[in-house]
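Protein chains get the first letters and strands the later ones, always in sequence-line order, with residue 1 at the start of each.
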There are 2 protein chains.
Amino acid sequence: MFSIGEVSRRTGIKVPTVRYYEQMGLIAAPERSSGNQRRYDRNTLRRLEFIRHARELGFSLDDIRDLLRMSEGAGTPAHDDVHRIAGEHLRAVRARIERLKRLEAELTRISSCKAGTLSDCAVLETLSDHALCIGEH
Amino acid sequence: MFSIGEVSRRTGIKVPTVRYYEQMGLIAAPERSSGNQRRYDRNTLRRLEFIRHARELGFSLDDIRDLLRMSEGAGTPAHDDVHRIAGEHLRAVRARIERLKRLEAELTRISSCKAGTLSDCAVLETLSDHALCIGEH
DNA sequence: CTTGAAGCTCTAGTGGCTAGAGGAATTACA
DNA sequence: TGTAATTCCTCTAGCCACTAGAGCTTCAAG
Ligand SMILES: [Zn+2]
Ligand SMILES: [Zn+2]
Ligand SMILES: [Zn+2]
Ligand SMILES: [Zn+2]
């Protein structure tokens, strides 16, 4: 059995975040010591590692809750659902990349301003007027 | 003089957001009608257009506050400061793109799972174990 | 047995809004 | 001028995924 600090060290998830995940229903309320401190088993440790990795890959806590439920083999059409969640997330990630690339192009362009004074600065001029932009965002 | 709804229509910023910007000190508290309703002048309209465009380009409200102060020609070394803010933001955008690209590579890889069952699903296996990943994130 | 680290609960703050309640003002039209 | 529809007001609370801090209790090492 592991204390919450031990769990935190092993998973890399901060102590308050572990408690937050419990509150959010991602992990069950663990057993307690005689003095009311949380004591975790190895299963919960694995579950938290899953959560951490899924978070690193950008999944929302809602998605992770669903993925965990499926990985426990709850429903029958679960494999499709897993891929639906992953696919939607991938599409969202790609959309964010596209948006950020447009921002990057615009910011790169305006940052190349060679003016010495504020009144001719391309940054401020462009911020004042989207018509000076090369594309949408 | 424009009502807050008129301002909202002209700038594309929602009414509660305009009030929020006032609360956050991005625009001054405007004049009021005899019945206590906000009445805006053209300067504020331009200011809000600046804010909107800067938000679309991903600047934080804190950055925008600084940029607005500089565009009014407050301090002397302002042009450098403008470029420092824009440059830092550009670097942050690039870092986010890099991170998202790594996520995308990983998500693309795991989504190509051809298994028919949950127990062999590459999505769940990879989420359980970062060692199955091709890179960092 | 003492001490310091680690744990507990609870509240509040982060950013950038958005939604809703409950009421007052304005505007359009008959 | 009456009235109904629309817009406006303030205030509070919610979103996501944490994070920080106060004030207290328990645990582990020496
Ligand atoms: Zn410049
Ligand atoms: Zn633009
Ligand atoms: Zn699969
Ligand atoms: Zn990984």
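- Of the two residues near DNA chain D, A/Tyr21 and B/Gln37, the one whose nearest nucleotide lies more 5' is B/Gln37.
- Residue B/Arg9 is classed as having no contact, given no heavy-atom separation below 4.0 Å to the nucleic acid.
- Contact annotation: A/Ser33 side-chain N/O to D/dC27 OP1/OP2 distance is under 4.0 Å.
- For the pair A/Ser34 and D/dC27, the criterion of a side-chain N or O lying under 4.0 Å from OP1 or OP2 is met.
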Run the salt bridge (charged side-chain N to carboxylate O under 4.0 Å, His left out) test on A/Glu106 and A/Arg109 for me, step by step, so that the C-alpha distance in whole Å, both residues' side-chain angles and the decisive distance to 0.1 Å come before the verdict. CA-CA 5 Å; A/Glu106 211 59 58; A/Arg109 194 181 60 79; 2.7 Å; yes
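- A residue-by-residue look at B/Phe59 and B/Asn36 shows that B/Phe59 has its nearest nucleotide of DNA chain C further toward the 5' end.
- The backbone N or O of B/Leu68 sits nowhere less than 3.5 Å from a side-chain atom of B/Arg47 that would complete a donor-acceptor pair.
- When each of A/Lys14 and B/Ile4 is assigned the nucleotide of DNA chain D bearing its nearest heavy atom, the one mapping closer to the 5' terminus is B/Ile4.
- In this structure A/Arg19 satisfies the salt bridge (Lys or Arg N to Asp or Glu O under 4.0 Å) test with no other residue, sequence neighbours excluded.
- Applying the salt bridge (charged side-chain N to carboxylate O under 4.0 Å, His left out) rule to pairs touching residues 20-44 of chain A yields A/Glu22-A/Arg38, sequence neighbours excluded.
- Listed by first and then second residue, the salt bridge (charged side-chain N to carboxylate O under 4.0 Å, His left out) pairs involving residues 95-105 of chain B are A/Arg94-B/Glu104 (not counting sequence neighbours).
- Residue pairs meeting the salt bridge (charged side-chain N to carboxylate O under 4.0 Å, His left out) criterion with at least one partner in residues 119-133 of chain A, sequence neighbours excluded, are absent.
- Along DNA chain C, read 5' to 3', the first and last nucleotides having any atom under 4.0 Å from a heavy atom of chain B are C/dG16 to C/dT26.
- If you check every strand for non-hydrogen atoms under 4.0 Å, A/Arg19 touches a base.
- Nearest to the side chain of B/Val15, among D/dT19, D/dC27, D/dC8, sits D/dC8.
- Residues from residues 40-57 of chain A placing a heavy atom under 4.0 Å of any atom in DNA chain D, listed by number, are A/Arg55.
- Salt bridge B/Arg9/B/Glu6: present, at least one basic N to carboxylate O contact under 4.0 Å.
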